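Computation of the quantities below employed the complete heavy-atom set of this structure, encompassing side-chain atoms and omitting hydrogens, waters and symmetry-equivalent molecules. Chain letters run A, B, ... following the sequence lines, proteins first, then strands; residues in each count from 1. Note that the structure is a prediction, hence the values are computed from the model and not measured.
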There are 4 protein chains.
Amino acid sequence: MDPITSRPPGRPRSQRAEDAILRAALALLAERKNVAEVSIEAIAARAEVGKATIYRRWPGKEELFADAVATLRPPLPELGQAPLRDDLIAIFTQVCAEMDSPLDRAVTVLMMDQTHPEIVHRIKQQVLAPRSRAVANLLRRGVDNGEITPDVDPEAVVNLLTGGAFFCRRPAGGRSAQERAQLLVDTVWNGIRA
Amino acid sequence: MDPITSRPPGRPRSQRAEDAILRAALALLAERKNVAEVSIEAIAARAEVGKATIYRRWPGKEELFADAVATLRPPLPELGQAPLRDDLIAIFTQVCAEMDSPLDRAVTVLMMDQTHPEIVHRIKQQVLAPRSRAVANLLRRGVDNGEITPDVDPEAVVNLLTGGAFFCRRPAGGRSAQERAQLLVDTVWNGIRA
Amino acid sequence: MDPITSRPPGRPRSQRAEDAILRAALALLAERKNVAEVSIEAIAARAEVGKATIYRRWPGKEELFADAVATLRPPLPELGQAPLRDDLIAIFTQVCAEMDSPLDRAVTVLMMDQTHPEIVHRIKQQVLAPRSRAVANLLRRGVDNGEITPDVDPEAVVNLLTGGAFFCRRPAGGRSAQERAQLLVDTVWNGIRA
Amino acid sequence: MDPITSRPPGRPRSQRAEDAILRAALALLAERKNVAEVSIEAIAARAEVGKATIYRRWPGKEELFADAVATLRPPLPELGQAPLRDDLIAIFTQVCAEMDSPLDRAVTVLMMDQTHPEIVHRIKQQVLAPRSRAVANLLRRGVDNGEITPDVDPEAVVNLLTGGAFFCRRPAGGRSAQERAQLLVDTVWNGIRA
DNA sequence: ACGTAAGCGAGACGGTACGTCGAGTCTTGGT
DNA sequence: ACCAAGACTCGACGTACCGTCTCGCTTACGT
C-alpha cells in the first residue's frame, strides 16, 4: 500500500551482484586504462555474474561506467586552516596525483569524451562538484580575506588549474605531484605580468 | 648507387590510397567523434580501399590515427605584431575554437589516452610543437620586453592555458571561443593575488 | 540425478538452427557441386544463422559436411524377393543414379578425399554401411542358395560394383542408370573367362 | 615468314620457369593432398617465380593442374608376354599402388570433380588413355585367344577394375597392392555365379 | 650497337572468406 | 522476478589468397 515501503514482486535484485559488477568495472578500467578496452563480458566474468545481470541494470557500458565512476569520492584534504595558497596547493597536489593514477586518469579521459555528454554531466555533478565547490568556497573566502582580487572568475581558475594538472603529467622521472601543483598554483597566483 | 634514390623492388605503394585512407579516417573521426566508434572497415570502405592496404601500412587503428592526426597542421595566427597579451589571446582563441570542433577535440582526447604513449609523443612533436614553441617564444620575448616577469615557467603557462581551454568548453549557448580565451589569458595574466 | 536426463547449464543449443545449417550446407553443395566452393559464410547466410553458431558446433567445414552428409540415408530398395542378380541390379541402379546427382556425387568425391580420413570413416559407417551390409547379406544368401560361388569375397564385389558405378558415369546422352547397373552387374556376374 | 619458325617479338617465355611451376604444383599437391589446399601463391613461392608468370600461362589453378597432371605418364608394365590374367593383374597392381600414392590419388580425386569437366577430359585423354587402350587391347586379344568370352564389354571391365582399385584402399596394414589387384581381377575373371 | 617489345621477380591493389571476439538479446533450470 | 550459464544474430577484427596491376630489370630480335 505504502508506495514507499511496498516492493515489486519477485526476487529482489542482488546488491552483492551490483557491487561486484561496479568493483570489477573499476578494476578492469584501472588495468586496461581505457573504457573501450574493457568488455562487458570481461566485467561479467570478473564479477562472476551473468551478462544479463548487467544489462538488467544498465542499458550499456557507458551508463555502467558512469555509475562505477560515481562511486569514487575522492577525499578532500582538510581546508581552511591554512593560507589560501597552501589550500590550493593541497587540493591540486591531489589532482596532479590523480592524473598519475591509471584509474583516475582513465575516468578523466572518459569524461572528456564527446559521445556521452550525460555521463560527463553526471561525473561532474557527483564526483567533481564537491571539489569544485570547495575551491569556489576557498576563492570566495580569499576575496573576503583580501587574499585575492575580487574580479577573479572562480570557474576560470578551476579550469586552468584542473586542465593544467591534466596536461602537465610527465613521463617517469618528472616532478612530483606536489611540485607540479605548486608550480601551477604559483603561476596563477602571481600572474605573469611584470 | 645512391641508397636514397634506389627503390625497393615490386610495385610501389600508392600515394593515392594512402591519402584517401588518412582523409577517410579523419572524416569518420569527425563524424563519430570517437576513435573507438570508427572501424577500420568503415575507413577502408570510405576510402574505397581494401583492408589489407591499410594493414600493410599501419599495424593498428592507433598508429593510423597518429599519422592521420599528424597531417593536421593548425595554422598559427600572425604573432609578434601586437602586445603579448593580445597574441596570447589570439592563439588561445584558436585553441578554444578547436575544442569546439568535433575532430580536433577527438584528436585531443585521443592524445590524452594512456594506452598509446608514443602516439601522444608523436602528436606533441608534430602537431603541437610549433604552437608550443610559438608560445614559448612569445613568453621569452615578453620577458625581454619587460612585459612579463622573468621567473615565469613557460611550460606551466602553456599547460595551464591549454588545459583551461580543454576544460572550459560549454554546452551550446556559452561564451564564444574568444571570450573564453580572453578570460583564461587574463586570469593568468593578472594572477589572482590581491 | 539421472546423468542422462540432466542437462548442461545455460540456454540449450537450437535444434532449429542446427537443422537449418545442415540443410543449407547440402543445398549449397548441390548447387556448387564442390565442397571447396561452398563458404561457411554462404551457409550461415542461407541458414539465417550467425557464423559463430556454426563454429560452436563444428570446428571446420569438413566436420560440418561430414554431419550434413550423414543425414542422407539413401533408402534401400526392397530386397530378397527377387533373384539375387535382380536385387544387385536394383541396388546398383540406385548407386549409378546417385552418381548422376550433383549432391550425391559431390559427397562421394568428398569421401575420396585423403585429407579427412575420419570423415571418410564416418560416412562409410553411417551412410554406406547399411547398403554394404545389405549387399553382403544378399551375397551370403546367394552362396547359401547356390546362386553364387562360395569362394567370392563380398567386399571385393562391393568395391568393384561401387567403383564401377562411380567411374562409368557418362556425359549426357549415355546409358541410363539402370542400363549401366545391369552391364556392371552382369560383367561381374558372369565373369570374363571363356 | 615461315609461320612455324617465326617467333613472336619480345623476350621468349622461360622454359625454366614453366618447368619449375609445374614441378612445384605437383610437389605441393603431393604434400597437401588436395587441390583446394594448394594456393597459387604457394606454387609461385615454391617455384621462385612471380604470380604473374603463372597467370600469363594459365587462366587459373585448374588449368595449371591439368597441365601439371598431364606431365605424369605412368609407365606401362610390359604386356602380352604372359597369360591375360597375369597381364591384368600387373596393370591393376600398378593402379592399386597409385591409389596409395598421395599424388596419384589426389589426381584421381581431382579427376572426379564435377566442376571442371574439360580437365577431366584432358586427363583421360593424355594420362589414362594409353593404359585404357592397353587394357582394351589385352581384352580384345583375350577374346581372339579364346581366353575370355566374346560378349564382354571392355569399358565395363576397365571401369569395374579401376573403380575397384580406387575404392579398395585400406588403412595401413591392409593387403599389398598386388594382393588387392589379384583379388579384384580374379573376382571379375571368374564371375560370381555358381 | 641499339631500340623495341615482351618476359621476368617482386609486391601492392581491391576484394572475399576465413575463424575469433564482443555486443546486446534470449532462453534454459533453478533460487 | 531474480540468478548463472550459455545459446542466439550481428558486425568488426586481423590474416590469407584471389586475380590484376604496376614497378625496374632482363633477354632476344630486327634493324
Query - Contact residues, residues 33-48 of chain A to DNA chain E [heavy atom, < 4.0 Å] - result: A:S39, A:I40, A:E41
Donor-acceptor pairs under 3.5 Å, side chain of residues 35-42 of chain B to any protein atom, not counting sequence neighbours: which ones?
{"unit_1": "B:S39", "atom_1": "OG", "unit_2": "B:A42", "atom_2": "N", "d": "3.0"}
{"unit_1": "B:E41", "atom_1": "OE2", "unit_2": "B:K51", "atom_2": "NZ", "d": "2.7"}

Report task. Taking side chain to side chain contact (heavy atoms under 4.5 Å, CB included) as the test, write out the residues that go with C:R11, two or more places apart. Result -> none
Query raised in the report: What pairs with A:A17 under side chain to side chain contact (heavy atoms under 4.5 Å, CB included), at least two apart in sequence or on another chain?
Result: A:S14, A:V49, A:T53, A:R57
Report task. Report the residues that fulfil side chain to side chain contact (heavy atoms under 4.5 Å, CB included) with A:A27, sequence neighbours left out, ordered by chain and then residue number. Result -> A:R46
Requested in this report: Could you list by number each residue of residues 9-23 of chain C showing a heavy-atom separation from DNA chain E of less than 4.0 Å, or answer none if no residue does?
Outcome: C:G10, C:R11, C:P12
Query raised in the report: Is there a side chain to side chain contact (heavy atoms under 4.5 Å, CB included) between B:V107 and B:V127 once you walk through the steps?
Result: CA-CA 11 Å; B:V107 169; B:V127 184; over 6 Å; no
Query raised in the report: Rounded to the nearest 0.5 Å, how far apart are CG of D:L72 and CG of D:L26?
Result: 5.0 Å
Report summary line: For DNA chain F, consecutive-pair runs of 3 or more (Watson-Crick or G-U wobble, both H-bond-type distances under 3.5 Å) give E:1-31 with F:1-31
Query raised in the report: Distance from C:D113 atom CG to D:R105 atom CZ, nearest 0.5 Å?
Result: 9.0 Å
Query raised in the report: For DNA chain E, what residues of residues 53-63 of chain B have any heavy atom nearer than 4.0 Å?
Result: B:T53, B:R56, B:R57
Query raised in the report: Rounded to the nearest 0.5 Å, how far does CD1 of C:I54 lie from CD of C:E18?
Result: 10.5 Å
Report task. Report the residues that fulfil side-chain hydrogen bond (donor to acceptor under 3.5 Å, both in side chains) with B:S101, sequence neighbours left out, ordered by chain and then residue number. Result -> B:D104
**Report entry** Residues which pass side chain to side chain contact (heavy atoms under 4.5 Å, CB included) with B:Q126, listed by chain and number, not counting sequence neighbours
**Finding:** B:A70, B:R122
Query - Heavy-atom neighbours of B:K61 NZ exceed 12 at 6.0 Å - result: yes
Report summary line: Separation between CG (D:L29) and CG (D:N34), nearest 0.5 Å, reads 8.0 Å
**Report entry** base_contact_polar (E:dG9 base, D:K51 side chain, donor-acceptor, <3.5 Å)
**Finding:** no
Query raised in the report: Taking only side-chain nitrogens and oxygens of B:R7, does any of them come within less than 4.0 Å of OP1 or OP2 of F:dG24?
Result: yes
Query - Reported CG-to-CZ distance for the pair B:L103 and B:R32, which is rounded to 0.5 angstrom - result: 14.0 Å
